[in-house]
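Report on one structure; see the data block that follows.
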Amino acid sequence: MTKKRIMSVFGTRPEAIKMAPLVKALAEREGFESICCLTGQHREMLDSVMQIFKLEADYDLDIMEKSQTLSKITTKTLLGMEQVIAEAKPDLILVHGDTTTTFAGALSAFYHQVPVGHVEAGLRTFDKLSPFPEEMNRNLVGKIADLHFSPTLANAENLRREQLAGEIFITGNTVIDAMKYTVSDEFKFTDPKLNELDFEGKKVIVMTCHRRENYGEPMAAIMRAVRRLAEANPDVQIVYPVHLSPVVQNAAHGELDGIANVLLTEPVDVEQMHNLMARSYLVLTDSGGLQEEAPSLGKPVLVMRKETERPEAIAAGTAKLLGVDEETIVTETQRLLDDPAAYEQMAKAVNPYGDGNACERICDAIAWYFGLKAERPEDFNA
Ligand code: UD1
Ligand code: UDP
């Protein structure tokens with residue numbers, strides 16, 4: 001029997017981290033041929049993930065430009081995908097999450113009438129401008145998709161309310177599968193700056209910040225808050241791998257360069273990042289992925305956004321939504337530094353996002369869809 005050709009299309013760091021274990025799992029299945037197509041929406045940050053997971057792309061559209069616009073990412077992906085689909089002839093295209101690669105990848109599949117599987121489906125804030133453009137990207141991909149792989153029950157319920165066509169599976173988030181490859185007690189940092197950190201003597205705060213809706217004053221307020229926290233707490237070490245976006249680079253270096261207990265680095269590879277978080281005191285972020293990873297590592301996560309599509313960790317008490325107001329960020333972070341009871345309440349390991357078997361469920365669901373398996377996979381139940 002000819003194998004079903006399953007093509008995973010992704011282009012940014014978080015998509016790569018969350019698709020890597022799935023690409024591997026698909027390659028190990030008898031009935032599938034796993035094809036990997038990168039848009040290259042990110043470059044260095046994407047290549048780093050491919051190296052860590054020892055993945056090779058079959059196609060690479062290599063579209064990234066400095067300070068690229070959303071229209072450029074979309075059109076270059078659409079044009080590049082035309083040739084790839086014609087050549088690879090996939091039976092199913094998988095996209096992940098809510099980036100512009102995700103949207104353009106799904107739209108391209110639709111134009112060529114290739115069925116679409118959406119990994120990490122059903123996350124919603126219900127505010128079309130926040131996160132921007134991700135909330136609209138994932139809504140549009142939901143309309144196109146034939147298979148929806150929702151990490152949690154709440155995500156699946158969002159999709160059911162929308163009465164979308166297609167099959168919905170609750171699988172857990174593949175990021176928890178990815179962490180099985182990266183997190184280890186014996187891990188040694190290869191980056192000397194991380195190796196020199198005093199995890200015993202200092203409270204290490206891991207920070208990231210990159211969202212487009214935070215560009216401008218919100219990001220400036222975040223940076224001012226971090227400066228104040230660093231200056232008021234010499235026993236704290238802030239580690240901030242700065243996203244390569246020129247807007248973020250300017251905001252971070254402009255405010256935080258030269259502060260003794262703030263370490264600004266280039267983006268670190270995902271193995272170092274996960275193990276850094278595992279050894280940290282708390283996580284301060286506007287990232288989506290970090291909101292899923294930190295709870296599973298038992299680290300409180302303070303979210304510097306106005307909304308979140310990931311309410312599960314907040315309900316479990318390990319994440320808190322701070323907004324982007326300078327005073328609130330300072331006050332709430334300071335509370336976790338000063339109040340052991342408040343800290344202990346948040347510092348518990350919870351795994352509402354997955355059990356590490358999401359990729360197996362997704363492979364089983366695809367096999368069921370193609371009639372290679374009689375049973376639908378059982379839903380993940382947190
Ligand atoms: C993108 C996604 C966002 C996701 C984020 C993860 C969109 C619209 N946004 O945002 O959902 O949370 O990735 O990080 O899809 N750059 C480099 N090298 C890299 C990566 C980026 O130099 O490896 C620079 C380039 O100048 C690029 C800029 O960063 O133009 C912005 O990258 P882009 O992918 O457009 O947006 P992100 O903010 O990374
Ligand atoms: N990450 C990384 N190196 C870094 C910063 C983040 O490997 O320097 C990882 C992080 O652990 C998570 C993912 O990148 O798995 C999150 O990506 P990002 O914050 O860029 O995007 P988002 O999740 O917000 O879409």
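Because the structure is predicted, anything quoted here is derived from the model rather than measured. When a ligand or atom number is given, it counts from 1 through the structure's own listing order.
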TODO: Around atom 21 (O) of ligand 2, find the nearest protein heavy atom and jot down its residue, atom name and distance.
DONE: Pro14 CG, 3.3 Å
TODO: Look at atom CD of Glu327 and say whether more than 12 heavy atoms of other residues, nucleotides or ligands are closer to it than 6.0 Å.
DONE: yes
Open item on the list: Surrounding CG of Asn195 (heavy atoms of other residues, nucleotides or ligands, distance under 6.0 Å), is the total greater than 12?
Closed with: yes
Open item on the list: Distance under 4.0 Å to a non-hydrogen atom of His210: what atoms of ligand 2 satisfy this?
Closed with: 18 (P), 19 (O), 20 (O), 21 (O), 22 (P), 24 (O)
TODO: Salt-bridge test for Asp355 and Arg361: reply yes if a basic N is under 4.0 Å from a carboxylate O, no otherwise.
DONE: yes
Task: Mode of Leu290 contact toward ligand 2 - side chain, backbone, both, neither (heavy atoms, under 4.0 Å) - done: side chain
TODO: Please determine, by modelled atom types, if Thr12 and Thr99 share a side-chain donor-acceptor pair under 3.5 angstrom.
DONE: no
- [ ] Decide whether Asn155 and Thr152 meet the rule of one side-chain donor and one side-chain acceptor closer than 3.5 Å.
- [x] yes
Open item on the list: Students should be able to answer this: which protein heavy-atom is nearest to atom 4 (C) of ligand 2, and at what distance?
Closed with: Arg13 NH1, 3.1 Å
Open item on the list: For ligand 1, give me the residues whose heavy-atom distance to it is below 4.0 Å, by chain and number please.
Closed with: Thr12, Pro14, Gln41, His42, Arg43, Glu44, Met45, Met64, Glu65, Lys66, Ser67, Gln68, Leu70, Ile73, Thr99, Thr100, Pro133, Glu134, His210, Arg211, Arg212, Tyr215, His243, Leu244, Ser245, Pro246
TODO: Flag Asp286 as yes when one of its N or O atoms lies below 3.5 Å from any N or O atom of ligand 2, and as no otherwise.
DONE: no
- [ ] Could you list which atoms of ligand 2 come closer than 4.0 Å to a heavy atom of His274?
- [x] 11 (O), 15 (O)
Task: Identified salt bridge (charged side-chain N to carboxylate O under 4.0 Å, His left out) counterpart of Glu360 within the set Lys24, Arg29, Lys180 - done: Arg29
Task: Among Arg5, Lys89, Lys4, salt bridge (charged side-chain N to carboxylate O under 4.0 Å, His left out) partner for Glu33 - done: Arg5
- [ ] Can you pull out the closest protein heavy atom to atom 16 (C) of ligand 2? Residue, atom name and distance to 0.1 Å, please.
- [x] Ser287 OG, 3.7 Å
Open item on the list: Are any of the N/O atoms on Val268, whether in the backbone or the side chain, positioned under 3.5 angstrom from an N/O atom of ligand 2?
Closed with: yes
TODO: Would you mind listing the cluster partners of Phe126? Hydrophobic ones only (ILVMFWY), side-chain contacts under 4.5 Å, chaining allowed.
DONE: none
Open item on the list: With a 4.5 Å cut-off on side-chain heavy atoms, are Arg310 and Tyr353 touching?
Closed with: yes
Open item on the list: With a 4.0 Å cut-off on N to O distance, would you call Glu255 and Arg227 a salt bridge?
Closed with: yes
- [ ] Determine whether the side chain, the backbone, both or neither of Glu134 has a heavy atom under 4.0 Å from any heavy atom of ligand 2.
- [x] neither
TODO: Could you tell me whether the side chain of Asp146 and the main chain of Pro115 form a donor-acceptor pair under 3.5 Å?
DONE: no
TODO: Give yes if a backbone or side-chain nitrogen or oxygen of Glu293 is under 3.5 Å from a nitrogen or oxygen of ligand 2, and no if not.
DONE: yes
Open item on the list: Using a 4.0 Å cut-off to any heavy atom of Arg211, which atoms of ligand 2 qualify?
Closed with: 24 (O)
Exercise answer: donor-acceptor pairs, residues 375-382 side-chain atoms, under 3.5 Å, sequence neighbours excluded:
unit_1: Arg376; atom_1: NH1; unit_2: Glu167; atom_2: OE1; d: 2.4
unit_1: Arg376; atom_1: NH2; unit_2: Ile168; atom_2: O; d: 2.7
unit_1: Asp379; atom_1: OD1; unit_2: Ile170; atom_2: N; d: 3.1

Task: Option nearest atom 9 (C) of ligand 2 (shortest heavy-atom distance, choices Thr12, Ile17, Leu276, Thr265) - done: Ile17
- [ ] Could you tell me which atoms of ligand 2, counted from 1 in the order shown, lie closer than 4.0 angstrom to a heavy atom of Pro267?
- [x] 8 (O)
Exercise answer: donor-acceptor pairs, residues 199-206 side-chain atoms, under 3.5 Å, sequence neighbours excluded:
unit_1: Lys202; atom_1: NZ; unit_2: Pro234; atom_2: O; d: 3.2
unit_1: Lys203; atom_1: NZ; unit_2: Leu337; atom_2: O; d: 2.9

TODO: Starting from atom 23 (O) of ligand 2, find the nearest protein heavy-atom neighbour and note its residue, name and distance.
DONE: Gly289 N, 2.7 Å
TODO: Before signing off on this row, confirm whether Met273 and ligand 2 have an N or O atom pair separated by under 3.5 Å.
DONE: no
Task: Sub-3.5 Å N/O-N/O distance, Gly288 and ligand 2 - done: yes
Task: Identity and distance of the protein heavy atom lying nearest atom 7 (O) of ligand 2 - done: Val270 CA, 3.3 Å
- [ ] Kindly indicate, with the supporting measurements, whether the criterion side-chain hydrogen bond (donor to acceptor under 3.5 Å, both in side chains) is fulfilled by Gln272 and Thr190.
- [x] CA-CA 8 Å; Gln272 311 220 33; Thr190 48; 2.5 Å; yes
Task: Main-chain N/O of Ile73 paired with Gln68 side-chain donor or acceptor, under 3.5 Å - done: no
Task: Interfacing atoms of ligand 2 (cut-off 4.0 Å, heavy-atom, Pro241) - done: 8 (O)
